[in-house]
Amino acid sequence: ITVSFAGNDKYAAAESKTIAVTVTLNESSVSVNNLPPDGSCLYVDDTFTLITTTTPEGLDVTYILDDSGVVSVDEKGVVTALKEGTASITVKVGGDGIYAESSTTVTLTVTKVPTVITVEKATLELKVGDEVSTGASLTPAEAGSLVYTSSNDKVAVVKDGKIKALAAGTATITVSFAGDAKYAAAESKTIAVTVTLEGDSNNDGVVNVSDVVKAVSDGKTQAEIDAIVNIIMGRK
């Protein structure tokens, strides 16, 4: 700013003086006071609200999202987890010609919801014709349906949640869940199934006189021997 006097008929002009003035923007700052549960990790479909503090208080906060597509954020700081991955959100105040711009960055990790398969029994011994529940379940239950695969579908298969014993032999039932956009794949579990034919003492897949002989040689009771005879005779 220049201060001057030009003078007049009586007074001479004065030597001009200057005043140097420096104008700066007001300082500002912003911080995020909270993180999601479990540090900075969210599960797909979770929502979370960022809570901020500004200096001075009451400054408008702007949320700037990266282009990962992992989360969304609205003008109130509500974050929604959209898919698996990592996202950065810049939280900014100032830059309005009154307050200097200030910002901080929050990094969030989004993962799929974990799932677990449990089976009641890892081994089963069945007779031909038996039908029993698989005893398998998925946690969380709303994640979807389990998939069952038999290593020998001539011996045992799964239908409508039940293991059906079809013929003498062994089979391994694999229980799996592949996951989807929200839920992670579960570790597969197996059920070892042994199927025997009732009365088949020598495990050759048929019931005949040789099974009676084997039962006698094994010291089976008369009732057990009679049961085999009844099967052979078609009385059971």
Side-chain angles (χ1 to χ4, degrees), residues 35-49 65-73 78-89 106-207 211 231:
L35 285 174
D38 190 23
S40 59
C41 183
L42 295 170
Y43 291 136
V44 175
D45 283 351
D46 278 354
T47 59
F48 180 76
T49 302
L65 184 62
D66 66 9
D67 59 359
S68 65
V70 170
V71 302
S72 66
V73 61
V78 178
V79 177
T80 301
L82 303 177
K83 66 178 184 179
E84 194 171 37
T86 301
S88 295
I89 300 174
V106 175
T107 300
L108 300 174
T109 300
V110 178
T111 63
K112 294 182 180 182
V113 179
T115 60
V116 176
I117 295 172
T118 55
V119 295
E120 293 178 1
K121 294 182 179 180
T123 60
L124 289 174
E125 294 184 359
L126 304 177
K127 298 290 186 181
V128 174
D130 284 350
E131 290 187 16
V132 298
S133 171
T134 62
S137 61
L138 178 66
T139 303
E142 64 271 17
S145 300
L146 293 171
V147 174
Y148 301 93
T149 306
S150 174
S151 65
N152 190 341
D153 57 12
K154 292 182 179 179
V155 171
V157 296
V158 176
K159 187 175 182 180
D160 299 327
K162 291 185 176 181
I163 298 175
K164 297 189 175 185
L166 304 178
T170 59
T172 299
I173 305 296
T174 300
V175 189
S176 60
F177 176 70
D180 55 22
K182 179 176 180 177
Y183 295 99
E187 180 182 0
S188 297
K189 297 294 178 67
T190 58
I191 303 171
V193 180
T194 300
V195 180
T196 57
L197 183 62
E198 187 174 1
D200 185 11
S201 300
N202 55 13
N203 295 318
D204 62 358
V206 295
V207 181
D211 294 298
I231 293 172

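Quick caveat, the model's predicted, so the values are computed rather than measured.
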| query | Between CG of D130 and CD of E125, what distance do you get to the nearest 0.5 Å? | reply | 11.5 Å
| remark: Residues I117 and S188: closest non-hydrogen pair is CD1-CA, 4.5 Å
| task | May I ask you to test the V71-V73 pair for a side-chain heavy-atom distance under 4.5 Å? | result | no
| said: I need the F177 CZ to T115 OG1 distance, nearest 0.5 Å. | reply: 5.5 Å
| How far apart are the closest heavy atoms of V119 and A136, and which atoms are they? | CG1-CB, 3.9 Å
Between side-chain atoms of residues 158-172 and protein atoms elsewhere (two or more places apart, or another chain), which donor-acceptor pairs fall under 3.5 Å?
none

| request: Please report the shortest heavy-atom distance between Y183 and E142, naming the atom on each side. | output: OH-CG, 3.4 Å
| Taking every non-hydrogen atom, the tightest pair across D180 and A143 | OD2-O, 4.0 Å
| query | Rounded to the nearest 0.5 Å, how far apart are CG of L108 and CD1 of I89? | reply | 5.0 Å
| remark: Between V44 and K112 the two heavy atoms that sit nearest each other are CG2-CA, 4.1 Å
| request: Please collect all side chain to side chain donor-acceptor pair (under 3.5 Å) contacts where either partner lies in residues 146-156, sequence neighbours excluded, each pair once. | output: T134-Y148
| query | With a 4.5 Å heavy-atom cut-off, do V193 and I173 have their side chains touching? | reply | yes
| query | Is there a side-chain contact between V70 and E84, using heavy atoms and a 4.5 Å cut-off? | reply | no
| note | The residue among V195, V132, T194 that forms side chain to side chain contact (heavy atoms under 4.5 Å, CB included) with L124 is V132
| field | Residue pair T107 / S88: nearest heavy atoms and the distance that separates them | value | OG1-OG, 3.7 Å
| note | Rounded to the nearest 0.5 Å, the CG atom of L146 sits from the OG atom of S176 at a distance of 7.5 Å
